[in-house]
Structures are given as structure tokens and as C-alpha cells.
Amino acid sequence: MDRIKLRENTFKLLYCNDFHKREEMPKQYELFWENLEDASEEGLENVSEEDRQFIADRVNRIVEKLQEIDAAINNVAVKWTTDRMSKVDLTILRLAYFEMKMDDDIPQKVAVDQAVELAKKYGTDKSASFVNGILAKLF
């Protein structure tokens with residue numbers, strides 16, 4: 001799976017965390033992998049064990065840092081707080097912040113560009129500019 005697909009699937013699994021209790025997440029992970037396998041059988045995804053481990057590790061590392069990440073986002077989001085943001089936009093911001101500030105393998109500009117692309121694909125018409133604006137302040 002290429003980096004873009006890894007990021008997109010990380011976003012999807014991270015998104016689930018806002019809707020389930022922490023103790024429910026192992027079951028959610030199982031369901032997520034089953035859905036990816038179904039897509040793989042249809043030729044849509046190629047999901048290796050290495051890909052699964054990468055995605056799960058990344059999501060777990062982000063979840064461990066959620067308080068720190070949300071505090072940073074709240075600090076720059078004028079007239080917005082993380083509890084008022086759409087779950088899609090917030091999840092994209094969390095992932096991008098993690099990539100920008102806590103992952104040395106991904107250049108900040110790439111993290112921002114990919115976050116904007118995710119916002120265009122999964123968010124509203126205003127999501128891309130919102131995400132870009134918040135990330136510009138965090139850059």
C-alpha cells in the first residue's frame with residue numbers, strides 16, 4: 001500500500017476513535033481490517049500485515065497524544081474549539097499535526113498538502129480551507 005493509502009486508512013481508523021470507547025477499539029480494528037480485506041478481494045486495496053501494523057501503530061500513537069494535539073489545535077483555532085469542529089476536519093487536523101510535529105519521516109509541507117487532499121475528499125466544501133488555515137498556524 002502506498003503512503004497516500006496508508007495515510008487515508010490511518011485517517012479512517014482514527015476517525016472511529018471519536019465514536020467508540022477505548023475498550024471497544026480492538027473490535028473496531030477487527031471490523032476495519034475485515035472491510036479492508038473485502039476491498040482487497042475486489043482489487044481495491046492491497047493490505048499486508050506490515051500495512052496493518054503501520055496503520056494500527058500510527059493510530060495508537062496519535063490517540064496517546066490526543067490531549068497534547070488537541071491543546072495545540074485549540075491554541076491556534078480562533079473562535080473554534082476541537083469540540084465544535086466537525087469530526088472529519090478534527091481527525092484530519094490530528095493526523096496532520098502528528099505528522100508535522102511528531103513524525104520525522106514526513107516533511108511538514110507534505111503533511112499539510114495531504115491533509116488538504118483528505119479534507120477535499122472527505123470533508124465539506126469548506127473543509128480544505130479550514131484545515132489549511134489551522135495547519136498554517138501550526139506550521
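Numbers here simply count residues along the sequence, with the first being 1.
- Remark: the backbone N or O of Met1 is paired with a side-chain donor or acceptor of Asp51 at under 3.5 angstrom.
- Ion pair Lys120/Asp125 not flagged as a salt bridge, since none of the NZ, NE, NH1 or NH2 atoms sits closer than 4.0 Å to an Asp/Glu carboxylate oxygen.
- Hydrophobic cluster membership differs between Leu31 and Tyr29, with clusters built from Ile, Leu, Val, Met, Phe, Trp and Tyr side chains linked at under 4.5 angstrom.
- With Glu99 as reference, Arg7 is the one residue of Lys65, Lys109, Arg3, Arg7 to meet the salt bridge (Lys or Arg N to Asp or Glu O under 4.0 Å) rule.
- A distance of 8.5 Å separates CE in Met25 from CG in Asn60, rounded to the nearest 0.5 Å.
- Under the 4.5 Å side-chain criterion, counting only non-hydrogen atoms from C-beta, Leu13 is in contact with Trp33.
- Clustering ILVMFWY residues whenever any of their side-chain heavy atoms sit less than 4.5 angstrom apart, transitively, puts Phe98 in the very cluster that holds Phe54.
- For the atom pair CG of Leu66 and CG of Leu14, the computed distance is 7.0 Å after rounding to the nearest 0.5 Å.
- In summary, the side chains of Asp89 and Ser127 do present a donor paired with an acceptor at a separation below 3.5 Å, with no hydrogens or angles considered.
- Atom NZ of Lys137 is surrounded by more than 12 heavy atoms from other residues, nucleotides or ligands within 6.0 Å.
- Other residues, nucleotides and ligands contribute at most 12 non-hydrogen atoms within 6.0 Å of the CG atom of Asp104.
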Worksheet item: What do the steps show when you test Ile73 against Trp80 for side-chain contact (heavy atoms from CB on, under 4.5 Å), and what is the final call?
Response: CA-CA 9 Å; Ile73 293 168; Trp80 283 94; over 6 Å; no
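- Side chain of Lys101 to main chain of Phe139: no donor-acceptor pair is present (N/O by atom type, distance under 3.5 Å, no hydrogens or angles).
- Here the side chains of Leu118 and Lys121 are not in contact, with every heavy-atom distance at 4.5 Å or above.
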Discussion item. For Val112 and Glu117: C-alpha separation, side-chain torsions, deciding distance, then whether side-chain contact (heavy atoms from CB on, under 4.5 Å) applies.
Written reply: CA-CA 9 Å; Val112 172; Glu117 291 303 314; over 6 Å; no
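- Annotation: side chain of Tyr122 is in contact with side chain of Lys12 (closest heavy-atom distance under 4.5 Å).
- Between Glu8 and Lys5 there is a salt bridge, with a side-chain nitrogen of the basic residue lying less than 4.0 Å from a carboxylate oxygen of the acidic one.
- Sparse packing is recorded around CD of Glu50, with 12 or fewer heavy atoms of other residues, nucleotides or ligands lying under 6.0 Å away.
- Taking the side chain as every heavy atom from C-beta outward, Thr124 and Phe130 never approach each other to under 4.5 Å.
- Within the 3.5 Å criterion, the main-chain N or O of Thr82 finds a donor-acceptor partner in the side chain of Asn74.
- In this structure, NZ on Lys27 lies 5.0 Å from CD on Glu30, to the nearest 0.5 angstrom.
- Taking CG from Leu90 and CZ from Arg84, the interatomic distance works out to 13.0 Å, rounded to the nearest 0.5 Å.
- Residues that satisfy the salt bridge (charged side-chain N to carboxylate O under 4.0 Å, His left out) test with Asp103, not counting sequence neighbours, are Arg58.
- A distance of 12.0 Å separates CD1 of Ile92 from CG of Asn132, quoted to the nearest 0.5 Å.
- Side-chain contact between Phe11 and Val88 is present, with heavy atoms from C-beta onward closer than 4.5 Å.
- Distance CD1/Ile55 to CZ/Phe32: 5.5 Å, rounded to 0.5 Å.
- Taken together through direct or relayed side-chain contacts under 4.5 Å among Ile, Leu, Val, Met, Phe, Trp and Tyr, Val78 and Met85 form parts of separate hydrophobic clusters.
- Linking ILVMFWY residues whenever their side-chain heavy atoms come closer than 4.5 Å, directly or via other members, leaves Ile4 and Leu6 in distinct clusters.
- Between Thr81 and Asp70, the closest side-chain pair of non-hydrogen atoms is not below 4.5 Å.
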